[in-house]
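Working notes, structure below.
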Amino acid sequence: MRLNIAKTVIAAVLLVGATQADASVVNDAAGDYLATYFGSKTGDLDVISASVTYNPASDIFHFESTFAGNVGGSPSGFYIWGFDRGAGTGRFTANGLPNVLFDSVVRFNMDGSGAVNLLAPTSGSTVLAAGTAKIQGNQMIADIAGSLLPSNGFAKTDYTWNLWPRDGALAGGFGQISDFAPNLNNQAVQVVTLPGAFWLFGSMFALFRLAGNGKHRPCSL
């Protein structure tokens, strides 16, 4: 009986851990290009999933994104991650998106280079070298220092974000944007919580010991 209970609790802990790990992943439908967009549709400007994780211990923001086609199919394309650090405004309100708020943007290009641009309260830009973002097939992964996105009122653990690819071959403006992820609002960053991870591993270790002990002792009713 103790073995069965341990197995049940282990499964529950794993399920909770998996749910927490995926809590901040945005899944976006394929082919949902904006009606105002008439640029490249090779798939690499069509978001399938995206997430941003923040690690307070290392002060690192970790970006992951997946697209409907291999990155690089649209040579003039690039990716904008808008962040609300505490003073975000709805710069797309006139386009029907009042809840996409940002006061800074992180840009990644097709060669993995990019820039971090602060928009408020004062403007500033930091160039990111080629290869900052790692590209493999239809996925892009990158890490940037939290110091490049200083607080503008929020704790870094409370930042929110949105991802919108753009096609630079089109005239500047909203018409360059192919997709939003999420579609209508921002998403909270996922925070790495080491104490919780240690609790999880410690609990798992104890439960495995319980399960192991259950194999060697007869169950007493």
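Aromatic pair F102/F92: ring centres closer than 6.0 Å. Ring to ring, F180 and W164 are close: their centroids are under 6.0 angstrom apart.
By the criterion of side-chain heavy atoms lying less than 4.5 angstrom apart, applied directly or through intervening Ile, Leu, Val, Met, Phe, Trp or Tyr residues, F154 is not grouped with I60; the two fall into different hydrophobic clusters. Follow the hydrophobic side-chain contacts under 4.5 Å out from I141 and you never reach L128; the two are in separate clusters. The cluster map of Ile, Leu, Val, Met, Phe, Trp and Tyr, joined by side-chain heavy atoms under 4.5 Å apart, puts W161 and L97 in the same cluster.
In this structure, the side chain of D103 does not engage the main chain of A120 through any donor-acceptor pair within 3.5 Å. Using modelled atom types, one side-chain atom of Y159 and one backbone atom of S151 make a donor-acceptor pair closer than 3.5 Å.
Rounding to the nearest 0.5 Å places CD of Q176 at 12.5 Å from CG of L34. A distance of 11.0 Å separates OG1 in T66 from CD in Q136, rounded to the nearest 0.5 Å. Distance check: R85 CZ to K156 NZ gives 10.0 Å after rounding to the nearest 0.5 Å.
Nearest heavy atom pair, residue T132 against residue I144, reads CG2-CG2, 4.5 Å. Across all non-hydrogen atoms, the minimal contact from D46 to Y33 is CB-OH, 3.5 Å. Scanning all heavy atoms of the two residues, the minimum distance from S104 to L118 falls at CB-CD2, 3.9 Å.
Looking at heavy atoms from C-beta onward, M110 lies in side-chain contact with V71 at the 4.5 angstrom threshold. A heavy-atom distance below 4.5 Å is found between the side chains of N162 and P182. Between N99 and L184 the shortest side-chain heavy-atom distance does not fall below 4.5 Å. Side-chain contact between V192 and H62: absent, with no pair of heavy atoms (C-beta onward) separated by less than 4.5 Å. Residues S65 and V47 fail the side-chain proximity criterion, which asks for heavy atoms closer than 4.5 Å. Contact check for L170 versus Y37: side-chain heavy atoms found under the 4.5 Å cut-off.
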Does the pair L149 and V106 meet the rule for a side-chain contact (heavy atoms from CB on, under 4.5 Å), with working shown? CA-CA 9 Å; L149 288 169; V106 178; 4.2 Å; yes
How far apart are the C-alpha atoms of N183 and D28, what are their side-chain angles, what is the distance that settles it, and do they pass the side-chain contact (heavy atoms from CB on, under 4.5 Å) test? CA-CA 8 Å; N183 288 326; D28 194 58; 3.1 Å; yes
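In this view, Y54 and D59 satisfy the side chain to side chain donor-acceptor pair (under 3.5 Å) rule, not counting sequence neighbours. Residues meeting the side chain to side chain donor-acceptor pair (under 3.5 Å) test with T36, sequence neighbours left out: none.
Using a 30° and 60° split on the angle between ring planes, F61 and F63 fall in the tilted class, from 30° to 60°.
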Taking distance alone, no hydrogens or angles, what donor-acceptor pairs closer than 3.5 Å link side-chain atoms of residues 72-82 to residues at least two apart or in another chain?
residue, atom, partner, partner atom, Å
S74, OG, S40, OG, 2.5
S74, OG, T42, OG1, 3.0
S74, OG, D44, OD1, 2.6
S76, OG, D167, OD1, 2.6
Y79, OH, D44, O, 2.6

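Remark: the N186 side chain and the D84 side chain contain no N/O donor-acceptor pair separated by less than 3.5 Å. A side-chain donor-acceptor contact under 3.5 Å links S125 and N117.
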